[in-house]
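Heavy atoms only: backbone and side chains are in, while hydrogens, waters and symmetry mates are out. Each chain gets a letter, A, B and so on, in the order the sequences are listed, and its residues count up from 1.
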Amino acid sequence: MKSEFIIYFCPPIKYYSWFNMSEIIKLRKGLNIKLKGSAEKMLEVLPFPATVALKPTDFPGLTPKLKVKADAVVKAGDALFYDKYHPEILFTAPLGGKVISVNRGERRKVLEVVIGADESAGFIEFTKADPTTLSEDEIKEQLLKSGLWPFLKRRPYGVIASPNEKPNSICISTFDTAPMAPDYNFVIEGQMDTFQTGINALAKLTDGKVNLGINNDSKFSHVKNVEITQFDGPHPAGNVGIQIANTSPLNKGDIVWTINVQDVLFIGRLFETGKVDFSRIVALTGSEVETPKYYKTVLGAPVASLIDGKLKQADYNQRIISGNVLTGTKVKEQCYLSYYDSQVSVIPEGDDYELMGWATLGINKFSATKTFISSLFPKKEYELNANLHGGDRAFVVSGQYEKLVPMDILPVHLLKAILVNDIDKMEQLGIYEVVEEDFALCEYACTSKIEVQKILRQGINTMIKELG
Amino acid sequence: MKFIKNFFVKTEPLVQKGAKFYWLHSVHEGFFSLFFVQKDTSKSGTHIHDFIDLKRTMGVVVLALVPAILFGMYNTGLQHFLAIGEAATTGFFEMFLYGLIKVLPVIAVSYIVGLGIEFVFAQQRGHGIHEGFLVSGILIPLVMPIETPLWMIAVATAFAVILGKEVFGGTGMNIWNPALIARAFLFFAYPAQMSGESVWVALKDGDKLVDGFSGATPMAQAAAGNIDNFSVADAFFGFIPGSIGETSTLAILLGAVVLIVTGIGSWKIMVSTIAGGAVMGLILNIFAGSAGLSPEVATYFSLPFWQHLILGGFMFGAIFMATDPVSAAQTEKGKWIYGFLIGILAIIIRVLNPAFPEGMMLAILLMNTFAPLVDHYVVNANIKKRLKRASA
């Protein structure tokens with residue numbers, strides 16, 4: 001109640017911290033979902049896995065063209081496939097070894113390129129240089145050749161950046177507010193110089209600035225060559241899209257690039273060592289994990305290598321998610337980690353009937369509404385499962401989504417414009433400003449169980465198809 | 001409880017497409033999901049979902065209506081025994097029981113007819129049964145005078161569900177509030193039976209009435225210039241004749257607390273509707289002394305503005321009818337405008353047009369019609385802001 005009045009009467013405010021004169025933006029809309037199973041700040045280094053895989057399906061809208069066949073031997077950094085419409089964008093092997101198989105799905109769509117890792121296969125050598133001494137084109141070429149380019153995503157649409165365009169700015173969020181998300185202040189420990197090298201390389205790619213969104217007490221507050229803005233507020237305050245919308249919102253024709261913190265480290269390492277090093281720290285989280293903590297592994301590692309023996313014994317089904325519970329992908333044990341993910345979440349599947357579930361008091365039922373007793377305990381952590389908790393319905397309740405999106409946008413009207421395929425309206429209502437993760441909370445909270453993220457991606461695909 | 005689950009699970013194959021009882025598919029699904037939240041899990045997008053669903057949402061609204069329902073039953077008895085002059089000698093429970101016996105059939109008819117039609121439509125369309133009617137089905141009895149014949153309730157409910165809702169595509173698609181459509185249908189189709197002074201109090205032939213009993217609602221009396229014939233306390237607590245659920249402002253406010261605390265009802269619409277009514281009441285107060293008004297109208301003009309809020313269906317409409325999320329404005333700014341105009345219009349119609357003593361019903365239906373227009377301007381403002389930002 002109180003919070004709702006505050007949301008309504010106090011718009012996001014902007015003020016300047018006297019301490020370091022950086023800008024602080026306080027966001028009021030949104031929701032923190034407190035789940036049991038956040039990672040403890042402990043790091044375990046895993047041995048390199050026996051196999052790794054790249055999945056073209058991790059890149060929305062990509063048409064992959066294979067460069068290797070099964071049984072080919074590749075070095076770390078060798079191209080496995082490329083983008084049919086941008087042949088210069090390569091996707092490279094995270095580890096050297098032999099291509100074991102190319103797994104295909106319906107209509108021979110490439111699903112996975114699996115490599116049997118073998119350290120003796122060696123590395124491709126790239127230029128080792130301080131990026132501040134290199135030109136924009138040299139940096140671009142190095143990123144494209146080494147397969148680091150796909151980590152740069154562009155807004156609008158949240159797809160891989162095009163090498164032919166120049167972004168107004170590059171935006172990076174250094175904190176993640178999603179449920180049980182990894183803490184980048186912990187992940188970055190001891191790697192701050194590499195991060196700075198990566199930032200220096202990125203800074204050459206834009207005429208504008210590299211914007212860093214930080215939270216309170218951030219280790220990133222001393223990064224140089226960037227414009228720092230501090231954000232304060234519940235999820236999705238850590239989403240880069242929300243940060244862009246609250247600093248300089250995207251207009252038609254604007255292009256902003258975004259990249260994740262750990263992917264900046266890949267770029268930093270490439271320029272520091274001249275080799276690709278795709279090792280990444282992944283948080284294994286969720287109520288089904290015995291001891292949730294951080295693991296150092298490598299991009300595209302098998303899910304099994306991360307979770308084997310670490311889950312709770314259960315006589316019910318468990319759901320393994322590459323990513324967080326709001327935006328991640330459901331994976332099986334024999335699958336591989338998704339390209340952009342720094343988190344694996346394991347929750348109960350919840351595929352069982354619940355007697356009169358809709359009518360219970362709900363002491364253990366977290367809700368964005370105040371219709372369950374649980375709303376009296378704001379600090380409680382919950383064990384949530386993947387059940388829908390209701391049937392799908394038409395839009396009935398109004399005002400629900402608006403409370404969860406801290407942007408000047410009308411989510412329901414945008415979604416309805418997508419549903420009726422009205423391209424003009426989609427543009428007018430701000431489709432350029434959002435990607436799925438920005439509306440994920442709406443999908444979580446929706447009374448009518450509407451598949452918000454799926455609809456939004458549909459709309460984005462339509463825009464790409466019609467307007468390019 | 002296990003046998004219920006087993007029953008539903010076992011009978012599931014029988015209602016699948018092509019099976020013998022496919023025509024019961026929606027009913028099976030409807031009752032199964034009523035007893036058991038289904039085992040479906042997330043297939044795309046977020047992996048966790050809020051525990052709220054439409055059943056609980058509607059359940060909370062029905063819960064919020066409980067004070068008004070219970071009081072309505074009691075008041076039905078009270079008004080009856082007042083009319084025959086036995087109120088002083090009749091106990092509370094006797095009055096309540098009398099009301100219960102009078103009101104239950106009305107509720108039953110509304111639910112049986114409405115849900116029956118919903119089942120048929122859901123089955124025809126091959127989708128699940130949506131919960132919208134759980135609330136409409138209780139709202140319809142509450143806005144009816146107690147002496148409305150049951151067949152009229154049935155006809156009105158059928159009209160509301162078919163022409164007010166299903167022709168638009170069912171729950172979530174309707175333009176007007178279905179319960180008010182039912183009320184308006186009866187109001188215009190059977191004006192002789194639905195107004196006047198004999199429908200508000202439950203009486204049977206042969207009841208001996210007390211001297212001076214009129215049966216008119218305070219609102220009808222106010223329209224006739226007799227605003228002193230009721231006490232403010234009676235109107236607030238609800239000891240007055242009127243539609244079954246609308247008389248007690250107190251019971252309705254209890255419901256409002258439930259709706260606001262749970263966040264199910266829009267407090268913006270409630271506040272702005274009440275503000276609109278109060279403002280219009282004040283405006284009328286200002287003009288109460290102007291020349292050319294007939295004495296009855298002049299006295300109605302001078303009714304203290306806040307008393308409008310406790311008379312007739314104003315509060316019931318503001319809390320339970322105007323806030324129907326489907327037929328109300330959908331944008332947050334639009335809700336303020338929508339509610340405020342309902343308040344203004346309700347009082348204008350009520351006071352200035354003696355043919356329609358219940359202005360609230362018409363005001364809400366009118367604003368239901370214009371809610372998309374209100375939203376259109378709010379959405380356009382957002383679009384313009386975006387365009388302006390781009391060209392700046």
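In this structure, a donor-acceptor pair under 3.5 Å is present between the side chains of B/D50 and A/S367.
In this structure, A/W358 contributes its side chain and B/L34 its backbone to a donor-acceptor pair below 3.5 Å. Side chain of B/R56 to backbone of A/G390: no donor-acceptor contact under 3.5 angstrom is found. The backbone N or O of B/S44 sits nowhere less than 3.5 Å from a side-chain atom of A/K330 that would complete a donor-acceptor pair. Judged by distance alone, the side chain of A/R319 and the main-chain N or O of B/H47 form no donor-acceptor pair under 3.5 Å. Without hydrogens or angle criteria, B/R386 side chain to A/D408 main chain gives a donor-acceptor distance under 3.5 Å. For the pair B/D40 (side chain) and A/D351 (backbone), a donor-acceptor distance under 3.5 Å is absent.
For B/V9, the part lying near chain A is the side chain, with the backbone staying farther off; criterion is any non-hydrogen pair under 4.5 Å. With a 4.5 Å cut-off on non-hydrogen atoms, A/I33 touches chain B through its side chain but not through its backbone. For a residue to count as touching a neighbouring chain, one of its non-hydrogen atoms must lie under 4.5 Å from one of that chain's; by this rule B/T57 touches chain A with the side chain only. In this structure, chain B has a heavy atom under 4.5 Å from the side chain of A/I321, while its backbone stays farther away. B/I129 touches chain A through its backbone: at least one of N, CA, C or O sits under 4.5 Å from a heavy atom, while the side chain does not. Both the backbone and the side chain of A/E354 have a heavy atom closer than 4.5 Å to some heavy atom of chain B. Proximity to chain A is limited to the side chain of B/V60, based on heavy atoms less than 4.5 angstrom apart. Within the 4.5 angstrom heavy-atom criterion, no atom of A/S345 approaches chain B. Of the atoms belonging to A/E349, heavy atoms from both backbone and side chain fall under 4.5 Å from chain B. Interface remark: B/A328 contributes no atoms to any contact with chain A (heavy atom separation under 4.5 Å). For a residue to count as touching a neighbouring chain, one of its non-hydrogen atoms must lie under 4.5 Å from one of that chain's; by this rule A/F395 touches chain B with the backbone only. For B/I383, the parts lying near chain A are the backbone and the side chain together; criterion is any non-hydrogen pair under 4.5 Å.
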Practice task
Start with the C-alpha distance between B/K335 and A/S398, add both sets of side-chain angles, then the distance that settles side-chain hydrogen bond (donor to acceptor under 3.5 Å, both in side chains), and finish with yes or no.
Solution key: CA-CA 10 Å; B/K335 284 175 185 171; A/S398 67; 3.0 Å; yes

Practice task
Test side-chain contact (heavy atoms from CB on, under 4.5 Å) on A/M356 and B/F35 and set out the steps.
Solution key: CA-CA 5 Å; A/M356 297 297 276; B/F35 284 111; 4.2 Å; yes

Practice task
List the steps and the verdict of side-chain contact (heavy atoms from CB on, under 4.5 Å) for B/T262 and A/T369.
Solution key: CA-CA 6 Å; B/T262 56; A/T369 67; over 6 Å; no

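B/Q38 CD to A/H389 NE2: the interatomic distance, rounded to the nearest 0.5 Å, is 13.0 Å. Here B/R389 contributes atom CZ and A/K252 contributes atom NZ; the two are 14.0 Å apart, rounded to the nearest 0.5 Å. Here OG1 of B/T41 is found 7.0 Å from CG of A/N387. Values are rounded to the nearest 0.5 Å. Taken to the nearest 0.5 Å, the NZ atom of B/K384 stands 10.5 Å off from the CD atom of A/Q428. To the nearest 0.5 Å, atom NZ of residue B/K5 and atom CG of residue A/D352 are 5.0 Å apart. Rounding to the nearest 0.5 angstrom, the gap separating the CG atom in B/D53 from the CG atom in A/D392 is 11.5 Å.
The most heavy-atom pairs under 4.5 Å with chain B, out of A/G350, A/G430, A/G362, come from A/G430. The candidate with the highest count of non-hydrogen atom pairs below 4.5 Å against chain B, out of A/D254, A/I347, A/T327, A/I409, is A/I409. Looking only at heavy-atom pairs under 4.5 Å with chain A, the residue among B/L387, B/D375, B/V326, B/V378 that has the most is B/V326. Among the candidates A/G391, A/S375, A/G399, A/P179, the residue making the largest number of heavy-atom pairs closer than 4.5 Å to chain B is A/G399. Ranked by heavy-atom pairs shorter than 4.5 Å toward chain A, the options B/M173, B/K385, B/K43 are led by B/K385.
We find that B/E131 and A/R393 are joined by a salt bridge, their nearest charged nitrogen and carboxylate oxygen being less than 4.0 Å apart.
Here A/Y353 and B/F8 keep their ring centres 6.0 angstrom or further from each other.
Taking all atoms of both residues into account, the shortest heavy-atom contact from B/I48 to A/N385 is CG2-O, 3.7 Å. Closest approach of B/G172 to A/V396, counting heavy atoms only: CA-CG2, 4.0 Å.
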